[in-house]
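Note that the numbering runs from 1 along the sequence shown for the chain.
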Amino acid sequence: MWVGVLTQELPLTVDGSEKVNHVGPFTHVSKTAVNGNTMTTDFTAAFQKDGTVAGKVDGQWIRKVSDDGKEMTLQVIAKSSDGRNMDQTLVFKRD
C-alpha cells in the first residue's frame, strides 16, 4: 500500500516475468500478466531495516476494463506480515 504513496513511477513487466523495484526502504517484487481485459500484478513489498526484513506485504492488484471501455476497476488484495488484510476496489468511470 505505502509503495504507491512513496513513488510517482513503478515500472512493471506485462509478460509474467519478475520485476524488482526499490522504493525508499521497500523492495517491491512483482509479476504482471495481461489476459484479455484484465491485468493482474502479484507482488511482495518488503520493508528493510538495518539490512533485514522488518515487515512485508503480499498481494495482488487486479485491473479490469469493461467491454465498452467506459469503466475500469482496480481491486487491491493484500496481507501484511502482521496479519492485517486489505481488500479494496476502486471504480473509475468515463462519461
Chemist: Check step by step if side chain to side chain contact (heavy atoms under 4.5 Å, CB included) holds for M39 and V14.
Modeler: CA-CA 8 Å; M39 181 167 61; V14 292; 4.1 Å; yes

Chemist: If only atom types and distance count, is the side chain of T44 paired as donor or acceptor with the main-chain N or O of V29 below 3.5 Å?
Modeler: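 Such a contact is absent between T44 side chain and V29 backbone.
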
Chemist: Hey, is D95 close enough to K93 for a salt bridge, meaning N to O under 4.0 Å?
Modeler: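 No, this pair does not count.
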
Chemist: For the CD atom on Q88, are there more than 12 heavy atoms of other groups (residues, nucleotides or ligands in this structure) within a distance under 6.0 Å?
Modeler: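 Counting neighbours around CD of Q88, 12 or fewer heavy atoms of other residues, nucleotides or ligands fall under 6.0 Å, so no.
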
Chemist: Can you check whether L74 reaches F92 side chain to side chain, under 4.5 Å on heavy atoms?
Modeler: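 Yes; the side chains approach each other to less than 4.5 Å.
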
Chemist: Looking only at non-hydrogen atoms, find the nearest pair between R63 and T41 and report the distance.
Modeler: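 Where R63 meets T41 most closely, the heavy atoms are NH2-OG1, 2.9 Å.
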
Chemist: Assess whether atom CG of N85 is packed by more than 12 heavy atoms of other residues, nucleotides or ligands within 6.0 Å.
Modeler: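 Yes - once you tally the heavy atoms of other residues, nucleotides and ligands closer than 6.0 Å, there are more than 12.
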
Chemist: May I ask you to test the T27-H22 pair for a side-chain heavy-atom distance under 4.5 Å?
Modeler: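 Result yes, sub-4.5 Å side-chain heavy-atom pair found.
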
Chemist: List the atom of F43, the atom of Q60, and the distance in Å for their closest heavy-atom pair.
Modeler: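 Where F43 meets Q60 most closely, the heavy atoms are CE2-N, 3.5 Å.
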
Chemist: Looking at every heavy atom in both S81 and G55, which two are closest together, and how far apart are they?
Modeler: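 Shortest heavy-atom separation between S81 and G55 comes out as OG-CA, 3.5 Å.
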
Chemist: Nearest 0.5 Å, please: how far is OG in S80 from NZ in K56?
Modeler: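 That separation rounds to 11.0 Å.
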
Chemist: Once you round to the nearest 0.5 Å, how far does CZ of R94 lie from CE of M72?
Modeler: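 Answer rounded to 0.5 Å: 11.0 Å.
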
Chemist: Show the nearest heavy-atom pair for residues P11 and N21, with the distance to one decimal.
Modeler: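 Of all heavy-atom pairs spanning P11 and N21, the closest is O-ND2, 2.9 Å.
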
Chemist: Using the rule side-chain contact (heavy atoms from CB on, under 4.5 Å), only one of T89, V91, L90 pairs with Q75; which is it?
Modeler: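 The passing option is T89.
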
Chemist: Which heavy atom in T13 sits nearest to a heavy atom in T32, and how many Å separate them?
Modeler: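 Here T13 and T32 meet closest at O-CB, 2.7 Å.
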
Chemist: Same hydrophobic cluster for M86 and W61, using side-chain heavy-atom links shorter than 4.5 Å among ILVMFWY?
Modeler: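 M86 and W61: one cluster.
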
Chemist: Looking only at atom types and distance, does a side-chain atom of D58 sit under 3.5 Å from a main-chain N or O of K79, one as donor and one as acceptor?
Modeler: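 Not a single qualifying donor-acceptor pair exists.
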
Chemist: Regarding R84 and D82, does a basic nitrogen lie under 4.0 Å from an acidic carboxylate oxygen?
Modeler: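 Looking at R84 and D82, the cut-off is met.
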
Chemist: Restricting to non-hydrogen atoms, name the atom on K64 and the atom on T38 that form the minimum distance, rounded to 0.1 Å.
Modeler: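 In terms of heavy atoms, the two residues are closest at CG-OG1, 3.4 Å.
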
Chemist: Is there a path from I77 to L10 through hydrophobic residues (I, L, V, M, F, W, Y) whose side chains come within less than 4.5 Å of each other?
Modeler: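 Shared cluster, no.
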
Chemist: Counting only heavy atoms not in D15, do more than 12 fall under 6.0 Å of its CG?
Modeler: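 Atom CG in D15 is packed in, count exceeds 12.
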
